[in-house]
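First up is the structure itself, then whatever we jot down about it.
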Protein chains: 2
Amino acid sequence: MENTPSTSHSDIPGVDALVNELIGRVADKWTLLVLEALEEHGESRFSQLARNVPGISQKMLTQTLRQMERDGFVHRTVHPVIPPHVDYRLTPLGHSLGEAFCGVWHWAEQHLDDVETARTAFDTRD
Amino acid sequence: MENTPSTSHSDIPGVDALVNELIGRVADKWTLLVLEALEEHGESRFSQLARNVPGISQKMLTQTLRQMERDGFVHRTVHPVIPPHVDYRLTPLGHSLGEAFCGVWHWAEQHLDDVETARTAFDTRD
DNA sequence: TCCATTTCTTACCTGCTGGTGACTACAGCA
DNA sequence: TGCTGTAGTCACCAGCAGGTAAGAAATGGA
């Protein structure tokens with residue numbers, strides 16, 4: 001498996017840095033949780049998301065949603081009524097991101113025990 | 001692919017939280033970069049890694065490596081000589097993590113332009 | 001004798017992330 | 001008239017992530 005990594009993501013120098021930056025933005029804790037909530041519950045209102053994402057504050061929810069909207073992951077629909085009504089739903093791009101992270105979720109599930117074991121082994125040795 | 005997420009990671013309540021915590025640890029910026037450096041260059045010494053991971057400080061490299069060692073991603077070989085000689089290499093578990101993230105790297109490469117486009121569209125509108 | 005080498009630790013300090021709580025706008029309803 | 005519900009914004013503040021710099025430890029070479 002030592003042949004693939006260098007060819008898969010280093011074709012053009014400079015892309016690496018951009019990809020890194022993108023990963024950094026996308027691998028954000030709150031982004032992942034909001035992404036998951038939207039995958040699970042489908043189109044949601046702001047207050048629904050606040051309830052479905054455990055522990056998120058209003059500020060971070062707003063901020064995360066703005067960022068995801070800017071990156072093209074969520075679509076924001078404002079119904080101009082009083083009181084305000086805003087719906088958020090994943091775009092196809094957002095969905096594809098969710099699927100890409102599916103592999104990592106999968107890995108985490110499968111290897112949760114391995115990591116746990118490694119940790120206790122590390123902690124109890126020496 | 002819309003059927004898997006809810007069934008794939010919510011079988012047992014509580015696992016979700018653990019998986020979340022694991023993802024949070026693993027999606028760390030420095031962890032990903034060190035992982036990549038080790039995938040690319042194979043077994044490396046401390047100072048080699050410091051050179052291969054752009055912008056990391058000694059402190060963060062030590063800290064990240066300790067964490068990855070504890071989680072069972074890297075194996076640390078100490079050659080008891082003076083001056084010290086320490087080698088780091090990925091364990092099979094570390095490799096599997098690298099492969100899991102491969103999908104995300106891939107996604108990032110493929111959709112880099114889409115995100116870029118979405119951003120400029122977002123910034124230039126209204 | 002003294003310095004360079006290599007891997008790490010520790011102390012200190014700064015800047016940013018993110019939480020809290022108050023505030024806005026507007027219409028309907030009691 | 002004033003309270004309520006929704007989706008925010010803003011100002012303030014604490015805690016922590018992470019950078020810098022110094023030191024330790026032992027040995028071979030000048």
- For A:Q58, answer base if it contacts any base atom (sugar-phosphate contacts may also be present), sugar-phosphate if it contacts only those atoms, and nothing otherwise; contact means non-hydrogen atoms under 4.0 Å. base
- Message: Rounded to whole Å, how long is the line connecting atom CD1 of A:I82 with atom P of C:dT24?
- Response: 16 Å
- For A:S44, which of A:D87, A:L49, A:V74 qualifies under side-chain contact (heavy atoms from CB on, under 4.5 Å)? A:L49
- Query: Taking for each residue the nucleotide of DNA chain C bearing the nearest heavy atom, is the 5' side occupied by A:G55 or by A:P83?
  - Reply: A:G55
- Item | Any donor-acceptor pair under 3.5 Å from B:Q63 side chain to B:M60 backbone | no
- Could you give the CZ-to-C1' distance, from A:R25 to C:dT17, as a whole number of Å? 14 Å
- Whole-Å gap separating P (C:dT14) and CE (B:M60): 19 Å
- In whole angstrom, what separates B:R66's CZ from C:dC8's C1'? 7 Å
- Query: B:H41 side chain to B:A37 main-chain N or O, any donor-acceptor pair under 3.5 Å?
  - Reply: yes
- Query: Mapping B:S57 and A:Q48 onto DNA chain D by nearest heavy atom, which one lands closer to the 5' end?
  - Reply: A:Q48
- Hey, does the side chain of B:R76 come within less than 4.0 Å of C:dC8's phosphate (OP1/OP2), counting only N and O? yes
- Message: If the cut-off is 4.0 Å, is B:R45 near the phosphate of C:dT6, judged by side-chain N/O to OP1 or OP2?
- Response: no
- Item | B:V78 or A:K59, whichever maps to the more 5' nucleotide of DNA chain C | B:V78
- Note on the structure: B:L65 CG to C:dT6 P, in whole Å, measures 17 Å
- Please test A:E69 against A:R66 for salt bridge (Lys or Arg N to Asp or Glu O under 4.0 Å), starting from the C-alpha separation and ending with a verdict. CA-CA 5 Å; A:E69 192 195 354; A:R66 275 304 114 74; 3.7 Å; yes
- Note on the structure: So the contacted stretch of DNA chain D, first to last nucleotide with an atom under 4.0 Å from a non-hydrogen atom of chain A, runs from D:dG5 to D:dT9
- Message: Main chain of A:F73, side chain of A:D71: is a donor-acceptor contact present, judged purely on distance under 3.5 Å?
- Response: no
- Message: Parallel, tilted or perpendicular, judged at 30° and 60°: which one describes the rings of B:Y88 and B:F46?
- Response: tilted
- Roughly how many Å is it from CD1 in A:I56 to C1' in C:dG18, rounded to a whole number? 11 Å
- Rounded to whole angstrom units, what separation is found between the CZ atom of B:F46 and the C1' atom of C:dT9? 11 Å
- Task: Let me see the working for A:T31 and A:M68 under side-chain contact (heavy atoms from CB on, under 4.5 Å), right down to the final yes or no.
- Result: CA-CA 7 Å; A:T31 302; A:M68 292 177 75; 4.0 Å; yes
- Message: Using a heavy-atom cut-off of 4.0 Å across all strands, would you classify A:S47 as base, sugar-phosphate, or nothing?
- Response: sugar-phosphate
